[in-house]
Amino acid sequence: MQQKTEDALIRKLVDMVDGGLLVCKNDSYSTILYANESFYTMVGYTRQQVKTLFQNRFAAMMMEDIPAILRKVARAVESTGRMDFEYRMQRGDGSILWIHDTAVYDQEDDVFYVLLMDVTEKKSMEYQMGKLQAVLQHIPNKIAISGADGRIEYTNLEFDRCPYIDHRDIGQKTLEEVAAGQVVGRSFDQLWNEVQQGQVVSYETWGRQGDSIQGHDKNYLVPICSGEGEIVNVVLLSEDLAKLNDSLTQLPSRSIFENYFNAQRELLGDAFQATLVVLDIDGFKVVNDRYGHTVGDRAIQVTGQRLMALLENDSYVARYGGDEFIFFLPTVEPTRVQSCIQRLMESAWKPISTPEGSFCVTYSLGAASARGNIPFSQLFERADTACTKPSAKGKTALYTAPRKRR
């Protein structure tokens, strides 16, 4: 009587286990000798259906390479007698069930004692993450993902190819360390503080080497929050602006320049202050007509490089069109503005080299400063008007001029 009571209690406890418990023969079918109720609930078949449809052959219910699995079983029998692997089954309703199978071989009875756990949700998440990573790896944007502390946990291929990022020990760096010295017009501390408040922030970065541009990006920092509102990750998404830049000088175009100006004005509001410096190459038509467009292009390229050499992290420059350039300074301080103009004028006397010889140009400059919410078009018109005044004109000087075209 006591034995029957104990057996009944054990069966009841076994049936209450949240997982499939089986006893299977060590044969080519893993024939089921016993299975608890949780197993039948898990697979979506009744006991009778498993007996009728599969002849109680557990192997027949798998969606995997059965011979390969049997080889694993044979190796386990010969060695430790323990197995631990995952495979797929098909439920009675046709859906896919992922199983984590742990089993112990009993040599005396030549059977396996098996515990099956449903890991479909975990596998589904792994599959979705795999798909997401495949997309992220091939998306044409630079992407990096950090933890809440800013330390980088993931980068995609486009990020890894970025020429102006130091990729050494990237997994040990923070987003701030990667962006150091490249953020335009803002400090990374300001950006990070806004992200910690749950804001999506945008900013631009320059990749510069001397007076040349290696990269130019519009970046977004996006906080990812848990259900409780706690930031768990930060995503850095970068849009390549370099492909939209002027092809001759690699400088931003007028539209990108204007967008940057407006973004800074919107960010700072009444505290915004700006100086626009408009620059023209003197006698550019004469240079083109006398020496050819190749020489004219060289003059434009060198002028762009000179402007880049003056560029600081809070200033901005663009080729506005033709031989006209525009320079932004976030100040109305006369000393800084005059210093910038003076250096530009002095750079003009450095010879521009070509295969045929070298020559110099001078520049005409006009500047306009304003505080507060002034429209770009209004401030630009003031600077452009100042540039076209006779007092703004420099003098064109030719040194060892290139040979005239025939």
Side-chain angles (χ1 to χ4, degrees), residues 121-122 124-208 214-244 252 256 258-272 313-314 316 330 373:
E121 184 176 352
K122 170 194 164 190
S124 177
M125 289 180 62
E126 289 177 358
Y127 174 71
Q128 294 300 330
M129 284 301 297
K131 284 175 60 177
L132 176 60
Q133 286 204 8
V135 171
L136 293 179
Q137 285 295 347
H138 296 93
I139 202 168
N141 297 83
K142 289 183 278 294
I143 296 175
I145 301 175
S146 79
D149 60 355
R151 193 162 301 281
I152 294 173
E153 298 177 353
Y154 169 85
T155 59
N156 72 343
L157 288 174
E158 201 64 26
F159 185 94
D160 295 339
R161 293 179 184 135
C162 183
Y164 66 87
I165 291 175
D166 183 359
H167 299 283
R168 291 173 298 181
D169 299 322
I170 196 71
Q172 305 299 317
K173 294 180 179 177
T174 63
L175 292 175
E176 180 176 11
E177 289 169 331
V178 167
Q182 298 164 356
V183 179
V184 183
R186 312 244 356 231
S187 75
F188 196 88
D189 282 344
Q190 291 174 324
L191 298 169
W192 194 251
N193 285 337
E194 292 172 17
V195 169
Q196 294 302 304
Q197 295 169 24
Q199 300 179 41
V200 176
V201 299
S202 63
Y203 61 99
E204 290 186 30
T205 48
W206 291 101
R208 297 169 52 196
Q214 290 186 300
H216 181 202
D217 291 291
K218 178 71 172 289
N219 308 279
Y220 300 87
L221 290 176
V222 183
I224 307 298
C225 299
S226 66
E228 292 74 32
E230 180 183 356
I231 295 176
V232 291
N233 292 102
V234 177
V235 177
L236 166 63
L237 175 66
S238 297
E239 174 189 356
D240 184 10
L241 292 181
K243 62 185 178 184
L244 304 176
I256 295 176
E258 187 171 349
N259 288 340
Y260 177 81
F261 179 96
N262 291 334
Q264 291 295 104
R265 185 187 63 186
E266 183 178 346
L267 177 69
L268 297 173
D270 292 338
F272 179 65
N313 283 346
D314 61 352
Y316 208 88
N373 196 23

Using only atom types and a distance under 3.5 Å, with no angle test, would you say the side chain of [X] pairs donor to acceptor with the backbone of [Y]?
{"X": "His216", "Y": "Leu241", "answer": "no"}
{"X": "Gln190", "Y": "Ser187", "answer": "yes"}
{"X": "Thr155", "Y": "Phe159", "answer": "no"}
{"X": "Lys173", "Y": "His167", "answer": "no"}
{"X": "Asn373", "Y": "Asp270", "answer": "no"}

With rounding to the nearest 0.5 Å, note down the distance linking [atom1] in [X] to [atom2] in [Y].
{"X": "Asn156", "Y": "Leu136", "atom1": "CG", "atom2": "CG", "result": "6.5 Å"}
{"X": "Leu191", "Y": "Gln199", "atom1": "CG", "atom2": "CD", "result": "10.5 Å"}
{"X": "Ile224", "Y": "Ile145", "atom1": "CD1", "atom2": "CD1", "result": "8.0 Å"}
{"X": "Trp206", "Y": "Gln214", "atom1": "CH2", "atom2": "CD", "result": "13.0 Å"}
{"X": "Gln264", "Y": "Asn259", "atom1": "CD", "atom2": "CG", "result": "12.0 Å"}
{"X": "Tyr154", "Y": "Leu236", "atom1": "OH", "atom2": "CG", "result": "12.5 Å"}

### Query
In terms of ring plane angle, is the pair Tyr316 and Tyr260 parallel, tilted or perpendicular, where the classes change at 30° and 60°?
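If you compare the ring of Tyr316 with that of Tyr260, the planes turn out parallel.
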Taking the side chain as every heavy atom from C-beta outward, state whether [X] and [Y] have any atom pair closer than 4.5 Å.
{"X": "Ser146", "Y": "Val234", "value": "yes"}
{"X": "Tyr203", "Y": "Phe188", "value": "yes"}
{"X": "Cys225", "Y": "Glu230", "value": "no"}
{"X": "Asp217", "Y": "Asp240", "value": "yes"}
{"X": "Ile139", "Y": "Glu158", "value": "no"}

Looking only at non-hydrogen atoms, find the nearest pair between [X] and [Y] and report the distance.
{"X": "Trp192", "Y": "Asp149", "result": "CZ2-C, 4.1 Å"}
{"X": "Tyr164", "Y": "Gly207", "result": "CG-CA, 3.4 Å"}
{"X": "Asn313", "Y": "Gly181", "result": "OD1-O, 3.5 Å"}
{"X": "Ile256", "Y": "Pro252", "result": "CG2-CB, 4.0 Å"}
{"X": "Asn233", "Y": "Gly147", "result": "ND2-CA, 4.0 Å"}
{"X": "Leu175", "Y": "Ala144", "result": "CD2-CB, 4.2 Å"}

#### Entry: Stepwise side-chain hydrogen bond (donor to acceptor under 3.5 Å, both in side chains) test for Asn219 and Thr205
CA-CA 7 Å; Asn219 308 279; Thr205 48; 3.0 Å; yes
### Message
One pair to check against salt bridge (charged side-chain N to carboxylate O under 4.0 Å, His left out): Arg151 and Glu176. What are the steps and the verdict?
### Response
CA-CA 9 Å; Arg151 193 162 301 281; Glu176 180 176 11; over 6 Å; no
### Query
What's the verdict on ring pair (Phe, Tyr, Trp, His ring centres under 6.0 Å) for Phe261 and Phe272, showing C-alpha distance, side-chain angles and the deciding distance?
CA-CA 10 Å; Phe261 179 96; Phe272 179 65; 5.3 Å; yes
### Task
With side-chain contact (heavy atoms from CB on, under 4.5 Å) as the test, would you mind laying out the steps for Arg186 and Leu267 before giving the verdict?
CA-CA 10 Å; Arg186 312 244 356 231; Leu267 177 69; 3.3 Å; yes
